Number of protein chains: 2
Amino acid sequence: MNRVYISEVARHESEEVTLKGWLYNLRSSGKILFPQIRDGSGIIQGVVVRAEAAPEVWSALESLPQESSIMVSGKIRKEPRAPGGFEIDISGVEVVQTAEPYPITKKEHGTEFLMDHRHLWLRSRRQHAILRVRHEVIRAVRDYFDDRGFVLCDTPIFTPAACEGTTTLFEVNYFEDTKAYLTQSGQLYNEATAAAFGKTYCFGPTFRAEKSKTRRHLTEFWMVEPEVAYATLDDIMKLAEDFLTSIVARVLDRRREELKVLERDTSRLEKVAPPFPRLQYDEAVRTLHEAGMPFEWGGDFGAPDETYLSEKYEKPVIVHRFPAKVKAFYMAPDEARPELALGADVLAPEGYGEVIGGGERIASLDLLRKRIAEHSLPEEAFDWYLDLRRYGSVPHGGFGMGIERCVAWICALEHIRETIPFPRMLYRLKP
Amino acid sequence: MNRVYISEVARHESEEVTLKGWLYNLRSSGKILFPQIRDGSGIIQGVVVRAEAAPEVWSALESLPQESSIMVSGKIRKEPRAPGGFEIDISGVEVVQTAEPYPITKKEHGTEFLMDHRHLWLRSRRQHAILRVRHEVIRAVRDYFDDRGFVLCDTPIFTPAACEGTTTLFEVNYFEDTKAYLTQSGQLYNEATAAAFGKTYCFGPTFRAEKSKTRRHLTEFWMVEPEVAYATLDDIMKLAEDFLTSIVARVLDRRREELKVLERDTSRLEKVAPPFPRLQYDEAVRTLHEAGMPFEWGGDFGAPDETYLSEKYEKPVIVHRFPAKVKAFYMAPDEARPELALGADVLAPEGYGEVIGGGERIASLDLLRKRIAEHSLPEEAFDWYLDLRRYGSVPHGGFGMGIERCVAWICALEHIRETIPFPRMLYRLKP
């Protein structure tokens with residue numbers, strides 16, 4: 001019989017089909033069984049009337065444990081009251097495997113329990129919704145850059161030296177006493193590829209050995225980083241604004257159902273449109289002071305500061321021109337006020353904090369060497385990077401966006417750990 | 001003035017535009033300068049006639065070193081003899097940075113020298129062509145699965161235990177004496193996500209600490225791995241065949257220019273179409289014996305064997321049903337001949353060897369436990385994986401394709417190291 005996926009049943013109304021999936025749930029009135037079947041593409045309710053069904057169909061389903069794998073045959077029937085609009089009148093069942101008692105039940109489970117059973121928890125409706133939004137975000141990210149002439153240039157995971165601080169690097173035993181470090185950012189490499197291709201991006205996993213146990217941190221997370229030659233800070237802020245708007249619009253367009261499952265207030269997402277408010281660091285500090293928050297000019301914002309600032313606006317807000325000394329060595333200074341760096345962070349609304357960080361890089365060979373010395377970094381490790389200023393240096397910039405933070409915000413999740421199939425955290429390396 | 005990218009000049013014929021890029025090459029007749037300008041999106045030839053040009057334009061360009069960054073203004077003119085069909089009559093030049101003498105010259109450089117200067121070498125026409133083909137392959141891979149209802153489920157890079165042998169694993173110092181290992185394959189995790197989503201794929205970097213210095217090996221490479229619930233070996237072979245055909249067709253469709261730069265014989269690629277010849281392992285061994293090659297039944301094919309087999313066919317060839325003992329513990333046995341595993345490798349033509357490897361996985365809990373014991377693997381490390389057989393086990397399978405091998409074949413490259421922006425090998429961790 002014709003095997004179809006549940007996502008396709010609308011095209012098979014009144015046809016006899018076979019579904020291959022799992023028993024998601026089972027209700028019974030004593031006279032009628034209502035098995036819910038899932039196959040990964042969707043969920044459909046089946047109907048078996050005792051008085052009409054073959055006895056072996058009834059008995060196969062009657063007490064079948066949840067998550068048993070089954071192939072069911074029957075006729076697809078339109079049913080306006082059903083969530084997907086269709087039901088299946090089951091005429092045949094083949095049990096592929098009878099499941100052991102399923103550990104995830106309707107009762108409340110603790111997070112640790114669910115995380116230990118992540119390989120099974122992924123089968124739930126809510127996790128499906130989140131991971132489909134994640135998939136859509138990733139597609140939207142790639143389409144955005146691919147459609148605009150950016151060339152994907154994967155940057156290496158194994159790096160010989162640190163891009164930013166070394167304390168949060170994971171060390172790998174490479175070969176014969178050589179150490180390698182797992183990348184924290186592809187940016188330095190992006191600067192080389194942007195000088196080759198004009199507009200580039202990298203997109204892959206990045207790693208931070210931070211000993212923090214907050215709801216915003218993973219040790220392994222995915223980041224997309226575009227880099228543009230001949231771009232100034234203003235160009236980069238515009239790019240970030242346009243990019244983020246397009247990601248949110250895409251999810252709203254294609255993942256309404258999933259956002260509904262997550263009970264996401266989409267009116268908040270619909271407000272994401274250019275222009276985003278832009279706030280100089282100075283003004284941001286003033287705003288914090290006016291709210292009576294203790295914050296010293298010159299520092300980097302902490303999570304509570306970001307939360308406060310982002311909650312003040314309905315849209316994402318861009319904070320720019322930070323004190324140079326809290327930012328990375330490669331950030332270009334503001335010519336008007338050299339103590340400021342031409343960096344910009346985009347803070348998501350609703351208290352989600354930084355989703356994008358970037359800015360303009362130093363183009364001058366002399367200044368870059370000076371900064372490397374000031375930061376006590378070994379110049380020989382950056383010799384190739386300095387080459388980019390020796391051979392056709394141009395103003396350039398870019399940004400990085402962490403996929404998981406973006407997904408957490410779009411889905412309005414409490415904790416980032418549900419935004420990735422198998423999260424890795426300080427005390428979480430399994431399954 | 002209107003800034004345009006070189007890839008867009010056809011839309012600006014007879015207009016005055018500004019190009020922002022780098023000096024790629026400079027020829028002079030004494031009376032006319034022909035600077036070639038690149039901006040990452042393309043290369044265009046400029047023309048400056050001494051008798052007509054402003055003296056400062058001539059003098060700025062006249063002895064400008066290669067790879068200096070420049071902004072040039074002028075009128076776009078149709079020129080059928082030019083490679084891109086257009087030239088620019090330069091009326092203004094701004095030199096952004098005068099490059100130091102460029103280390104990569106027209107003379108033959110050794111591979112080590114070029115690899116040490118990979119960050120600059122990427123600017124060459126040939127490297128551009130390869131990396132644009134790579135980008136196209138990656139887009140084609142994602143589009144293929146996205147368009148067919150596969151859900152992207154990124155699998156973890158940090159894994160607690162080995163999927164296959166442990167000798168080729170990179171070890172990472174996680175936190176407080178905990179060791180993690182860098183993934184060699186997302187497959188085990190894919191089996192969990194396929195049971196959740198029906199059809200899934202992962203796509204990310206994978207790592208092998210192999211001490212081999214062949215032209216086919218990188219320590220860090222990108223792999224795409226689909227996994228399908230309710231799929232048999234035959235389904236997987238069909239999927240692999242259809243998938244690979246679509247990738248090649250996409251590159252032929254969109255990257256003809258790049259293949260021309262690489263002097264690729266595209267007639268060979270045009271032959272890639274279903275059905276691919278299918279060869280049982282037994283027949284493959286016979287074929288080797290008939291050719292007088294020493295090969296013992298029961299072993300795994302080496303590079304020379306794969307090369308010989310793949311050169312016998314115009315299309316990719318699928319070899320299937322290998323001796324179980326040379327294959328991974330999770331491979332399903334052939335019911336008709338249990339000493340054979342339901343695995344399949346796709347060998348690329350022209351001697352490029354294995355590009356795809358996959359097969360059907362064991363669905364039975366008892367058999368899987370037995371195999372784990374036979375392979376002396378610690379069962380507790382696989383407890384979550386065994387859960388997939390306890391709760392709704394189904395026949396299922398998938399495959400993995402290494403992006404770099406695929407790109408090397410499509411571009412007909414001698415060595416895999418040029419298929420990735422910053423290759424990592426046994427003795428290569430820089431830049």
Side-chain angles (χ1 to χ4, degrees), chain A residues 7 20 22 39-41 67-69 96-97 99-100 102 119-120 122-123 131-132 135 138-139 142 146 149 151-158 160 170-175 180 189 192-193 196-199 204-205 220 222 229-230 384 387 390-394 420-422 424 426 429-431, chain B residues 7 20 22 39-41 67-69 96-97 99-100 102 119-120 122-123 131-132 135 138-139 142 146 149 151-158 160 170-175 180 189 192-193 196-199 204-205 220 222 229-230 384 387 390-394 420-422 424 426 429-431:
Chain A
S7 59
K20 298 183 178 183
W22 295 266
D39 70 356
S41 80
E67 285 300 326
S68 293
S69 37
V96 180
Q97 190 246 346
E100 296 180 19
Y102 196 58
H119 53 293
L120 301 176
L122 290 173
R123 301 179 184 185
L131 292 177
R132 283 183 189 277
H135 185 188
I138 291 173
R139 289 179 70 175
R142 294 194 176 261
D146 291 348
V151 178
L152 171 69
C153 289
D154 296 306
T155 51
I157 307 296
F158 287 137
F170 282 110
E171 187 183 278
V172 182
N173 305 311
Y174 204 64
F175 294 102
Y189 294 97
T193 58
F197 291 96
K199 296 189 281 191
E220 173 185 321
W222 286 67
Y230 284 101
W384 70 269
D387 273 357
R390 293 184 181 108
Y391 308 108
S393 190
V394 296
I420 187 165
F422 298 95
R424 295 297 183 243
L426 181 49
L429 196 56
K430 291 179 190 174
Chain B
S7 58
K20 298 183 177 182
W22 296 265
D39 69 356
S41 80
E67 284 301 323
S68 294
S69 38
V96 180
Q97 191 246 347
E100 297 180 17
Y102 196 60
H119 53 294
L120 302 175
L122 290 173
R123 302 179 183 185
L131 292 178
R132 283 183 189 277
H135 185 188
I138 290 172
R139 290 179 70 174
R142 293 193 177 262
D146 292 347
V151 178
L152 171 69
C153 289
D154 296 307
T155 51
I157 307 296
F158 287 137
F170 282 110
E171 186 184 277
V172 182
N173 305 312
Y174 205 63
F175 294 104
Y189 294 97
T193 58
F197 291 95
K199 296 189 280 190
E220 173 188 322
W222 287 66
Y230 286 101
W384 69 270
D387 273 357
R390 292 184 182 108
Y391 307 110
S393 189
V394 296
I420 187 165
F422 298 95
R424 295 296 183 246
L426 181 50
L429 196 54
K430 290 182 194 173

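Remember, predicted model here, so these are calculated numbers, not experimental data. Chain letters run A, B, ... following the sequence lines, proteins first and then strands; every chain starts at 1.
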Taking [Y]'s backbone N and O only, do any of them form a donor-acceptor pair with [X]'s side chain (distance below 3.5 Å, no angle check)?
| X | Y | answer |
| --- | --- | --- |
| B:His135 | A:Leu152 | yes |
| A:Glu220 | B:Ile157 | yes |
| A:Ser69 | B:Val394 | no |
| A:Glu67 | B:Gly392 | no |
| A:Gln97 | B:Arg390 | yes |
| A:Trp384 | B:Pro431 | no |

Would you call [X] and [Y] a side-chain contact if the rule is heavy atoms closer than 4.5 Å?
| X | Y | result |
| --- | --- | --- |
| A:Phe197 | B:Arg123 | no |
| B:Val96 | A:Tyr230 | yes |
| B:Asn173 | A:Phe170 | no |

Specify which of [options] makes the most heavy-atom pairs with chain B at under 4.5 Å.
| options | value |
| --- | --- |
| A:Asp154, A:Thr155, A:Val151 | A:Asp154 |
| A:Ala196, A:Ser7, A:Gly198 | A:Ala196 |
| A:Ser68, A:Gly149, A:Gly204, A:Pro205 | A:Pro205 |

(request) Please report the closest heavy-atom contact between A:Arg142 and B:Ile138, naming both atoms and the distance. (result) NH1-CG2, 4.2 Å
(request) Would you name the heavy atoms of A:Leu426 and B:Tyr174 that are closest together and state the gap between them? (result) O-CE2, 3.9 Å
Identify which of [options] forms the greatest number of heavy-atom pairs closer than 4.5 Å to chain A.
| options | result |
| --- | --- |
| B:Thr193, B:Asp387, B:Leu131 | B:Asp387 |
| B:Ala192, B:Cys153, B:Ala99, B:Pro156 | B:Pro156 |
| B:Arg139, B:Arg132, B:Lys430 | B:Arg139 |

At a heavy-atom separation under 4.5 Å, does [X] approach chain A through its side chain, its backbone, both, or neither?
| X | result |
| --- | --- |
| B:Asp39 | backbone |
| B:Ser393 | both |
| B:Leu122 | both |
| B:Tyr102 | both |

(message) Using heavy-atom distances under 4.5 Å, tell me whether A:Tyr189 contacts chain B through its side chain, its backbone, both, or neither.
(response) both
(request) Answer with side chain, backbone, both or neither: which region of A:Arg424 has an atom nearer than 4.5 Å to a non-hydrogen atom of chain B? (result) both
(request) Please find out if less than 6.0 Å separates the ring center of B:Phe158 from that of A:Phe422. (result) no
